[in-house]
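Following: one structure in structure tokens, then a few remarks.
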Amino acid sequence: MIKITLPDSSVREYEKGVSGLDIARSISNRLAKEVLSITVNGEVCDLTRSIEADSTIKLNTWDDAEGKHAFWHSSAHLMAEAIDVLYPGTKFAIGPSIEMGFYYDLDLPEGKQITDKDLKKIEQKMLELARQKNAFVRTEMAKEEALAHFTEKGDEYKQELISELEDGTITFYEQGGFTDLCRGPHLPNTSYIKAIQLNSIAGAYWRGDEKNKMLTRIYGVTFPKAKFLDEYNKMMEEAKKRDHRKIGKEMELFTFSQSVGQGLPLWLPKGAALRERLENFLKVVQKKFGYEQIITPHIGDVRLYKTSGHYQKYGADSFQTINTPAEGEEFMLKPMNCPHHCEVFKFKPRSYKDLPTRFAEFGTVYRYEQSGELHGLTRVRGFTQDDAHIFCRPDQLKEEFKKVIDIIFIIFKALDFKEYTAQISLRDPQKPEKYIGTPENWDKAEQAIVEACEEKGLNTITELGEAAFYGPKLDFMIKDALGRSWQLGTIQVDYNLPERFELEYIGSDDKRHRPVMIHRAPFGSMERFCAVLIEHTAGKFPLWLTPEQVVILPISEKYNDYAAKVSNYLNICDIRSIVDDRNEKIGRKIRDNELKRIPYLLIVGEQEAENETVSVRRQGEGDKGTMAMKEFADFINDEVRNQLSEIYN
RNA sequence: GCCGGGAUAGCUCAGGGGUAGAGCGCAUCCUUGGUAAGGAUGAGGUCGUGAGUUCAAAUCUCAUUCCUGGCUCCA
């Protein structure tokens, strides 16, 4: 007998050689049905693998990432089997599970092609094969033997993969008539897979290298219950509805023009006003934290970027330089604000008493992003960073870091981002050659970040080797209303630029010292942030931010004058209102304006006009009763004040 | 940049070798209304751009611009 320890620390005894499936059965029938894989002493395995010694286990179901992983990985094999049947001669490269589903990269036989229209056919074949309840059988083979097998098959992809594996035994999985090189684990058999949807086809380079052959990648997702597929599709639909490109158009926030150029957003009046409110909000917050606004030009002498190192490192990813043939000058459209800010710092000698010095600018930068990479507002060629650079003494680093974290939290609160993670990116201790600056400085900076996060009680993950070459950083990822993650703000420590620009301050010892720089952008870029905000809120922005806060709906044209009077009054009270004076019935006006995402609808007719009142409707909530004009104005302003409590306190 | 898909009215989209369609929106008129779609009429498009094939191209071919799903990249 062997002892099996379960996650709740309870210990059960089983025969030697017991399988995960056996254990699940001994606990409950339901668990036996739902379990997908087993983690044995930290290693995820097949449910059918026998356990030979005392172990600590965890049974993974659909609710565990490990369970989904086995499910989708097996689905990838199932898809490969279907394609192998439908398109004989296809070579299979890699087919992993991903965050939401799986894909397989294929090299189709000469002259064959799979298009969107073929996906249904493959799905059908997969369902047919799934119903056959074929077991996923694990076999082992010596490396030589495995290599010979794929050499015979003429599959150069698997050959390459195997030849890179360590010598020894190689594992294979076979289901139906399909065998694949695979570490596993897999489901016991194909019948677990009940619902299948292949989503898209894309090109993908073999091993992600653009020098290699382009393979055909098919993305799909599968589920153990048809209901889950429905839920998945509802979720995708909702995401589509919230797409910032669609809402941006509907709400007239921004647009693009072929004539202006790709990746160059045009902010329409409502979008520009919204963005301006965001900027002003941050300006007020930053002012409280001791920042000073500066303004610098959109171009800079190329020598500036040679000094900063951006030219050498990112010259190819920047727009071509602007030349003045008559005078032989050479300028770059600025890809970063920091070099300009360093020059602002150098304007005059700085004393240790002046530090930290914090320069902020909504600086528009231009980067030559690859054309295929552009996407709505999230990836553009011209964008505005809510940039600031803090020049401080090394001993001030931690305090400054904490203050930036405070600013970021004020923003999260005002914009209702409730879930976040912060990633601390440190250097890779194995590769000191990748980084500039002394190990002592790195130690200090990393320690400052780690401690700042601890003292602020941040929810962090730490990644080694993810630091920039010039310093460690802290990135914030928020989760939106649909549970999707977006990377937003960043705080980065930099020893490089102060060095390159020879920045100095006079210390209390009357000697010259080098300051440390912190780059930080809580929003990241205004464009990207607005996109995230649109998708997070589905265009229903917080009251303080939304383009139109109130719409006034006269019952009939007789009350248009009164509606205009209310609107004027509200506008004087700093409330953004419009009037819907179309010749339509009130029901129609309510419906149309509810759909326009305006937070408050005011209905005015005979009674309201007589008493100088308004009948209030909150978007999505319905009738809220009647209020006097002034009462309503105060009510709205209170709500805004409440949402922005941080900057009013 | 690379591999797919696409571009038709302000928006969403159908159509398709014989000179353009729907719904919504917009305008005008009727209606003057009380909390999620009242009715009628009408205006709107050299079918992304350029070239080619053809008696004839919005439709087929090629090029090009832009959008888009991915890959690669992201200071």
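Here is how names work: the chains are called A, B, and so on, in the same order as the sequence lines, proteins then strands, and each is numbered from 1. A quick note: this is a predicted structure, and the numbers were derived from the prediction, not measured.
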Item to complete: Using a cut-off of strictly less than 4.0 Å, decide whether A/Tyr103 has a side-chain nitrogen or oxygen near OP1 or OP2 of B/G69.
Response: no
Discussion item. Taking any heavy-atom pair under 4.0 Å as a contact, classify A/Ser200: base, sugar-phosphate, or nothing.
Written reply: sugar-phosphate
Practice prompt. Any chance you could lay out the side chain to side chain contact (heavy atoms under 4.5 Å, CB included) test for A/Phe469 and A/Ile436, step after step, and finish with the verdict?
Written response: CA-CA 6 Å; A/Phe469 71 94; A/Ile436 68 122; 4.3 Å; yes
Fill in: Atom pair distance, as rounded to whole Å: CZ in A/Phe469 and P in B/A75
10 Å
Worksheet item: What nucleic acid atoms does A/Asn199 come within less than 4.0 Å of, heavy atoms only: base, sugar-phosphate, or nothing?
Response: nothing
Fill in: All side-chain hydrogen bond (donor to acceptor under 3.5 Å, both in side chains) counterparts of A/Lys473, not counting sequence neighbours
none
Worksheet item: Taking the same atom, C1', in B/C24 and in B/A37, what whole-Å distance lies between them?
Response: 11 Å
Worksheet entry | Aromatic centroids of A/Phe345 and A/His340 separated by under 6.0 Å | no
Fill in: side-chain hydrogen bond (donor to acceptor under 3.5 Å, both in side chains) partners of A/Asp301, counting only residues at least two apart
A/Arg303
Worksheet entry | B/G18 to B/A22 separation - C1' atoms, rounded to the nearest Å | 23 Å
Worksheet item: Hey, are A/Asn199 and A/Gln197 close enough side-chain-wise for a donor-acceptor pair under 3.5 Å?
Response: yes
Worksheet item: How close or far is atom P of B/A75 from atom CD of A/Gln370, stated in whole angstroms?
Response: 13 Å
Fill in: side-chain hydrogen bond (donor to acceptor under 3.5 Å, both in side chains) partners for A/Lys246, two or more places apart
A/Glu250
Discussion item. Over all strands shown, is A/Gly263 touching base, sugar-phosphate only, or nothing at heavy-atom distances under 4.0 angstrom?
Written reply: sugar-phosphate
Practice prompt. Apply salt bridge (charged side-chain N to carboxylate O under 4.0 Å, His left out) to A/Glu594 and list each qualifying residue two or more places apart in sequence or on a separate chain.
Written response: A/Arg617
Item to complete: Please report the closest heavy-atom contact between A/Phe476 and A/Ala422, naming both atoms and the distance.
Response: CE2-CB, 4.0 Å
Worksheet item: When the C1' atoms of B/G21 and B/U64 are considered, how many whole Å apart are they?
Response: 29 Å
Worksheet item: Taking CG from A/Leu374 and P from B/C71, how many angstroms apart are they, rounded to a whole number?
Response: 15 Å
Discussion item. Salt bridge check, A/Asp107 against A/Lys213: does any charged N sit closer than 4.0 Å to a carboxylate O?
Written reply: yes
Worksheet entry | Protein-nucleotide distance (A/Lys241, atom NZ; B/C11, atom C1'), rounded to Å | 17 Å
Worksheet item: Less than 3.5 Å between a donor and an acceptor, one on the side chain of A/Arg217 and one on the base of B/C71, is that the case here?
Response: no
Worksheet, complete the sentence: By nearest-nucleotide position on RNA chain B, the 5'-leaning member of A/Tyr219 and A/Pro335 is A/Tyr219
Worksheet item: According to the interplanar angle, ranging from 0 to 90°, do the rings of A/Tyr366 and A/Phe319 count as parallel (below 30°), tilted (30 to 60°) or perpendicular (above 60°)?
Response: perpendicular
Worksheet item: A/Tyr104 has an atom OH; how far is it from atom P of B/C71, in whole Å?
Response: 18 Å
Fill in: Pairwise C1' distance, B/G52 and B/A57 [rounded to whole Å]
11 Å
Worksheet item: According to a strict under-4.0 Å criterion, is A/His375 in side-chain N/O contact with OP1 or OP2 of B/G70?
Response: no
Worksheet item: Does a side-chain N-to-carboxylate-O contact under 4.0 Å join A/Arg484 and A/Glu99?
Response: no
Item to complete: Assess whether one donor atom and one acceptor atom, taken from the side chain of A/Tyr205 and the base of B/C2, lie less than 3.5 Å apart.
Response: yes
Worksheet entry | Residue list, side-chain contact (heavy atoms from CB on, under 4.5 Å) with A/Leu553, at least two apart or on another chain | A/Val551, A/Asp580, A/Ile586, A/Lys589, A/Ile590, A/Asn593, A/Leu601, A/Ile603
Discussion item. Just to be sure I understand the geometry, which residues of residues 244-251 of chain A put a non-hydrogen atom under 4.0 Å away from RNA chain B?
Written reply: A/Arg245, A/Lys249
Worksheet item: When you compare B/A9 with B/A20, how far apart are their C1' atoms, in angstrom units rounded to a whole number?
Response: 11 Å
Practice prompt. For B/G39 versus B/U31, give the span between their P atoms, rounded off to a whole number of Å.
Written response: 16 Å
Discussion item. Taking B/G48 as the reference, what is the distance to B/U65 when you measure between their C1' atoms (whole Å, please)?
Written reply: 8 Å
Practice prompt. Applying side-chain hydrogen bond (donor to acceptor under 3.5 Å, both in side chains), name anything that partners A/Ser200, two or more places apart in sequence or on another chain.
Written response: none
Item to complete: Please map the stems of RNA chain B, keeping only stretches of three or more Watson-Crick or G-U wobble pairs with both distances under 3.5 angstrom.
Response: B:1-7 with B:65-71, B:10-13 with B:21-24, B:26-30 with B:38-42, B:48-52 with B:60-64
Using nucleotides 3-9 of chain B, report all nitrogen or oxygen pairs with the protein that are shorter than 3.5 Å.
from: B/C3; atom 1: O2; to: A/Gly203; atom 2: N; distance (Å): 3.3

Discussion item. Under the rule for salt bridge (charged side-chain N to carboxylate O under 4.0 Å, His left out), what residues qualify as partners of A/Arg528, not counting sequence neighbours?
Written reply: none
Worksheet entry | 5' priority, RNA chain B, between A/Gly376 and A/Arg381 [closest heavy atom] | A/Arg381
Discussion item. Rounded to whole Å, please give me the gap between CZ in A/Arg528 and P in B/C74.
Written reply: 15 Å
Worksheet, complete the sentence: 5' to 3', nucleotides 22-41 of chain B under a 4.0 Å protein heavy-atom cut-off (B base, S sugar-phosphate only, - none) gives ---SS---BBBBBBBBB---
Item to complete: Grab the CE-P distance between A/Met336 and B/A75 for me, whole Å please.
Response: 9 Å
Worksheet item: What integer number of Å spans the P atoms of B/G45 and B/G38?
Response: 29 Å
Discussion item. Tell me if B/G44 is syn or anti. Syn = glycosidic torsion within 90° of 0, anti otherwise.
Written reply: syn
Worksheet entry | Short side-chain donor-acceptor distance under 3.5 Å, A/Ser425 and A/Gln423 | yes
Worksheet entry | Residue pairs fulfilling salt bridge (charged side-chain N to carboxylate O under 4.0 Å, His left out) with at least one residue in residues 547-559 of chain A, sequence neighbours excluded | A/Lys270-A/Glu548
Worksheet item: Could you state the CG-P distance from A/Leu266 to B/C67, rounded to the nearest angstrom?
Response: 12 Å
